[in-house]
Trainee: 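Sharing a structure, written as structure tokens. Questions coming.
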Amino acid sequence: MKTLKNILVATCLVLSCSSCKKFLEEHPKSVLTPDADLSSAKVARAFANGAYQNFNGLVAGQPGSYGGSTWDLMEFMTGKANSDLGQTGFVSFQTLTYSNTSFFVDTWWQQMYLGIGASNLAIQRIPLITAAGLTDEAKNNMIAEARTMRALYYFFLVRMYGAVPKVIEPPKDLNLQVSRVPAKQIYDEVIIPDLLAAEKSTLPWKDATGKVSMGAVESILADVYLTYAGAAINGGAAAYAESAKRSLNVIQNGGYTLFPNYTDMINPANKNSGEFILQVQYAAGVNINNNLTPYTIPNFSGISKYSDEYGSVWPTDQFIASYPAGDKRVAERQFFYTSYPSLKVPGTTVQFKNHYIYKWFDVNAVTNTAKGDLNYTVYRLADVYLMYAEASNRAGGPNANAIAYVNAIRARATLPPLSGAVTTSQDLFEQEVWIQRYYELCFENKMWFDMLRTRKVHNDVTGAWDNFVGHKTIYNQTFTEKQLLFPLPKVETDVNPKLLPNNPGF
């Protein structure tokens with residue numbers, strides 16, 4: 001809880017210290033000063049914007065890890081990734097020997113709670129602001145944004161750590177040691193109520209600036225209910241039905257469309273448009289570059305303008321080989337690539353020893369600027385198609401819409417439409433949806449959470465769906481119940497013993 005304490009104390013100091021009148025006689029416009037006029041529409045917007053401040057925590061650089069990002073963690077855990085860098089801590093996840101002091105575990109916790117703290121502040125303060133031209137509707141929509149972000153931060157926390165502290169308002173004092181509450185309670189008392197409240201707002205279905213839209217609210221709610229329906233909450237058919245309802249709402253009302261080409265997703269001009277529903281925002285040249293481009297370039301390959309090419313995460317050969325014959329997603333420079341023109345030796349092509357990830361390949365950054373300008377996608381339409389297909393199938397079996405949405409994803413991959421028993425069997429159709437999620441959404445931090453909620457893992461060697469507990473990775477390591485939750489970080493339990501005992505096995 002050290003990080004939680006720091007942000008809450010900082011918040012109190014910034015907003016409550018009435019003795020500070022001026023700061024070097026300057027008039028900053030990008031921060032809320034102690035004597036800020038809290039009757040301004042701009043201040044309300046600033047509070048709402050604060051809820052996004054730690055959204056890039058989903059792909060934050062890992063302190064002390066050369067070439068490491070929080071994004072790495074959920075890819076390393078699947079057993080379907082490898083790394084060129086020992087400095088990322090990959091080996092401890094490859095061998096399942098990670099602990100409560102391992103890379104990424106603490107950074108995820110800290111970033112999510114920082115986001116929750118900023119969201120709590122926005123939810124508390126925006127209703128108190130009165131200003132000319134600031135309507136109740138505008139305030140309600142900004143609160144909806146903050147509640148959606150708070151729900152999303154908590155959604156990551158409960159899936160990763162299970163029981164976590166419930167903190168839903170700024171502190172009134174410095175007694176910041178808070179006990180954990182069960183994950184189901186967080187779902188029932190924070191995540192779902194926040195999203196249902198946001199659902200009642202008048203947010204637009206799409207937002208070209210990257211703010212939370214109704215499409216984002218409904219997509220997150222569909223994901224939450226789908227997860228709630230499965231393990232470990234086991235909410236069952238009712239939750240599947242709620243998930244199907246929200247995902248279908250996005251599909252029918254959101255105005256989103258699948259990109260014709262996979263490479264449309266790595267064109268910076270397409271940010272917050274087309275297939276994209278919710279993205280972490282990045283902009284080249286303003287010190288908020290997306291570093292997933294250099295992180296995923298083959299190590300020391302000499303194909304880019306980056307001084308460091310990390311190769312921090314790349315797919316295993318077994319995962320690549322599991323794609324069906326003719327699947328466009330594994331064709332060269334679609335989702336993956338195996339060669340690229342050399343910048344060090346013009347006129348030659350570098351052949352890589354493995355497949356590498358092309359999903360985060362910003363061509364202009366690689367060949368020209370070394371400043372990544374791609375957003376990081378959290379939800380896109382293909383994900384929602386597959387959520388609807390899975391949830392509606394579990395709620396009542398395969399249906400025409402579900403089959404059509406899966407076929408749309410298959411068609412873009414140049415695969416034939418579904419036919420035969422898979423279109424009538426609930427179990428076979430579900431497995432088709434699962435494998436399409438693996439193939440379509442790979443390396444988007446979706447697969448690990450799918451493994452946890454379904455308690456199934458696709459065996460890329462045998463083609464079978466193994467039980468999660470007992471699945472043996474290609475690294476000859478076996479998942480146990482210990483892998484169902486990450487450990488609470490030692491830096492947090494050291495300062496807040498109320499968080500103990502830690503999760504099983506740690």
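What you see is a predicted model, and the numbers here were worked out from it, not measured in a lab.
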Trainee: Any heavy-atom pair between the side chains of D223 and Y228 that's under 4.5 Å?
Mentor: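 Heavy-atom side-chain distance check fails, nothing below 4.5 Å.
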Trainee: Heavy-atom distance under 4.5 Å between the side chains of Q436 and L415, does that happen here?
Mentor: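 SC-SC contact between Q436 and L415 confirmed.
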Trainee: Will you find, in the side chains of N467 and R455, an N or O donor that is under 3.5 Å from an N or O acceptor?
Mentor: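 Absent: no donor and acceptor within the cut-off.
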Trainee: First locate atom CD of Q94, then atom CG of N82, and finally report the distance between them rounded to the nearest 0.5 Å.
Mentor: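 CG of N82 is found 6.0 Å from CD of Q94.
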Trainee: Does NZ or CZ of K271 lie under 6.0 Å from the centre of the six-membered ring of F276, at an angle within 45° of the ring axis?
Mentor: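 Checked: cation-pi criterion not met.
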Trainee: Could you name each residue pair satisfying salt bridge (charged side-chain N to carboxylate O under 4.0 Å, His left out) that touches residues 45-55, not counting sequence neighbours?
Mentor: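 Salt bridge (charged side-chain N to carboxylate O under 4.0 Å, His left out) check on residues 45-55 returns R45-E145.
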Trainee: Rounded to the nearest 0.5 Å, how far apart are NZ of K206 and NZ of K211?
Mentor: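 Rounded to the nearest 0.5 Å, the NZ-NZ separation comes to 15.0 Å.
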Trainee: What are the two closest heavy atoms between T70 and G57, and how far apart are they?
Mentor: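 Taking every non-hydrogen atom into account, OG1-O, 2.8 Å.
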Trainee: For the rings on W448 and F468, is their centre-to-centre separation under 6.0 Å?
Mentor: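 Yes: the rings meet the under 6.0 Å criterion.
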Trainee: Any chance you could measure T377, atom OG1, to N445, atom CG, to the nearest 0.5 Å?
Mentor: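 The distance works out to 12.0 Å.
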Trainee: Go through the steps for N503 and R180 under the test side chain to side chain donor-acceptor pair (under 3.5 Å), then give the verdict.
Mentor: CA-CA 11 Å; N503 286 327; R180 303 162 75 187; 2.7 Å; yes
Trainee: Do the non-hydrogen side-chain atoms of L488 and Y161 ever get within less than 4.5 Å of each other?
Mentor: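 Heavy-atom side-chain distance check passes, below 4.5 Å.
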Trainee: Just wondering, do L96 and Q483 contact through their side chains at under 4.5 Å, heavy atoms?
Mentor: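 When only atoms from C-beta onward are counted, L96 and Q483 do touch, with a gap below 4.5 Å.
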Trainee: Could you report the tightest heavy-atom contact between Y385 and A408, atom names first, then the distance?
Mentor: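 Smallest heavy-atom distance, with atoms named: CE1-CB, 4.1 Å.
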Trainee: Do E75 and K80 meet the salt-bridge criterion of a basic N to acidic O distance under 4.0 Å?
Mentor: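 A salt bridge is absent here (no side-chain N lies under 4.0 Å from a carboxylate O).
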Trainee: Could you tell me whether the side chain of I123 reaches within less than 4.5 Å of the side chain of E169, counting heavy atoms only?
Mentor: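 No - every pair of side-chain heavy atoms lies 4.5 Å or more apart.
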Trainee: Would F335 and Y358 count as a close aromatic pair, with their ring centres under 6.0 Å?
Mentor: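 Not under 6.0 Å, so no.
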Trainee: I need the minimum non-hydrogen distance between F429 and L418, along with the two atoms involved.
Mentor: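 Closest heavy-atom pair between F429 and L418: CE1-CD1, 3.9 Å.
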Trainee: Counting C-beta onward and ignoring hydrogens, is there a side-chain heavy-atom pair between V250 and I277 closer than 4.5 Å?
Mentor: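 SC-SC contact between V250 and I277 confirmed.
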Trainee: With distance as the sole criterion, is a donor-acceptor pair present between the side chains of T414 and D327 under 3.5 Å?
Mentor: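 Side-chain D/A pair, T414 to D327: absent.
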Trainee: Shortest non-hydrogen contact from A244 to A391?
Mentor: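 That closest heavy-atom pairing would be N-CB, 3.6 Å.
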Trainee: Do N56 and Y282 have side chains that approach each other closer than 4.5 Å (heavy atoms only, starting at C-beta)?
Mentor: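 In short, these two side chains touch, coming nearer than 4.5 Å.
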Trainee: Could you check whether atom CD of Q281 has more than 12 heavy atoms from other residues, nucleotides or ligands sitting under 6.0 Å from it?
Mentor: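 Yes.
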Trainee: Aromatic contact between Y356 and F336, with the criterion being ring centroids under 6.0 Å apart: yes or no?
Mentor: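 Centroid separation for Y356 and F336: 6.0 Å or greater.
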Trainee: Is R147 salt-bridged to E199, going by a charged N under 4.0 Å from an acidic O?
Mentor: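 Salt bridge absent between R147 and E199.
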Trainee: Could I get the full list of salt bridge (Lys or Arg N to Asp or Glu O under 4.0 Å) partners for R412, not counting sequence neighbours?
Mentor: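 In terms of salt bridge (Lys or Arg N to Asp or Glu O under 4.0 Å), with neighbours along the sequence ignored, R412 is linked to E275, E440.
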Trainee: Count the heavy atoms belonging to other residues, nucleotides or ligands that lie under 6.0 Å from CD of Q426, then report whether that count exceeds 12.
Mentor: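 Check passes, neighbour count above 12.
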Trainee: Establish, yes or no, whether a centroid distance under 6.0 Å links the rings of Y98 and F506.
Mentor: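 Yes; F506 has its ring centre under 6.0 Å from that of Y98.
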Trainee: Rounded to the nearest 0.5 Å, how far does NZ of K328 lie from OH of Y262?
Mentor: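 Going from OH on Y262 over to NZ on K328, the span is 7.0 Å.
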Trainee: Cut-off 3.5 Å, side chains only: do E218 and N249 have a donor facing an acceptor?
Mentor: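 Yes - a donor-acceptor pair under 3.5 Å links their side chains.
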Trainee: Scan residues 151-161 for pairs that pass salt bridge (charged side-chain N to carboxylate O under 4.0 Å, His left out), counting only residues two or more places apart or in two chains.
Mentor: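 Found none.
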Trainee: What distance separates E390 CD from E432 CD, expressed to the nearest 0.5 Å?
Mentor: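 Rounded to the nearest 0.5 Å, the CD-CD separation comes out at 12.0 Å.
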Trainee: Salt-bridge test for D383 and K446: reply yes if a basic N is under 4.0 Å from a carboxylate O, no otherwise.
Mentor: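 Yes.
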Trainee: Can you tell me if N399 and S392 form a side-chain donor-acceptor pair at under 3.5 Å?
Mentor: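 S392 and N399 do have a side-chain donor-acceptor pair below 3.5 Å.
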Trainee: Please report the closest heavy-atom contact between P315 and I357, naming both atoms and the distance.
Mentor: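 So the two residues come closest at CD-CG1, 3.9 Å.
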Trainee: For the residue pair P398 and S425, what are the closest heavy atoms and their distance?
Mentor: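 The answer is CG-O, 3.8 Å.
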Trainee: Do side-chain atoms of Y225 reach the backbone of K245 as a donor and acceptor pair under 3.5 angstrom?
Mentor: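 Checked: no pair found.
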Trainee: Spell out, as yes or no, whether a donor-acceptor pair under 3.5 Å connects the side chain of N261 to the backbone of T263.
Mentor: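 No, because the side chain of N261 does not come within donor-acceptor range (under 3.5 Å) of the backbone of T263.
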Trainee: Got Y439 and P324 here, is their nearest side-chain heavy-atom distance under 4.5 Å?
Mentor: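 SC-SC contact between Y439 and P324 confirmed.
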Trainee: Quick check: Y310 with W360 (ring centres under 6.0 Å apart)?
Mentor: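 Between W360 and Y310, the centre distance exceeds or equals 6.0 Å.
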Trainee: Tell me, yes or no, whether the heavy-atom count around K482 atom NZ, taken from other residues, nucleotides or ligands under 6.0 Å, exceeds 12.
Mentor: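 For K482, atom NZ is crowded (more than 12 foreign heavy atoms under 6.0 Å).
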Trainee: Among H471, M451, K472, which residue satisfies the side-chain contact (heavy atoms from CB on, under 4.5 Å) criterion with D466?
Mentor: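 The option that passes is H471.
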Trainee: Is the W71 to F104 ring centre distance short of 6.0 Å?
Mentor: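 For W71 and F104, the ring centres are not under 6.0 Å apart.
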Trainee: What's the separation between atom CG in L221 and atom CZ in F155, rounded to the nearest 0.5 Å?
Mentor: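 Going from the CG atom of L221 to the CZ atom of F155 covers 10.0 Å.
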Trainee: Check the side chains of Q279 and N375 for a donor-acceptor pair under 3.5 angstrom, ignoring hydrogens and angles.
Mentor: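 Result is yes, a qualifying pair exists.
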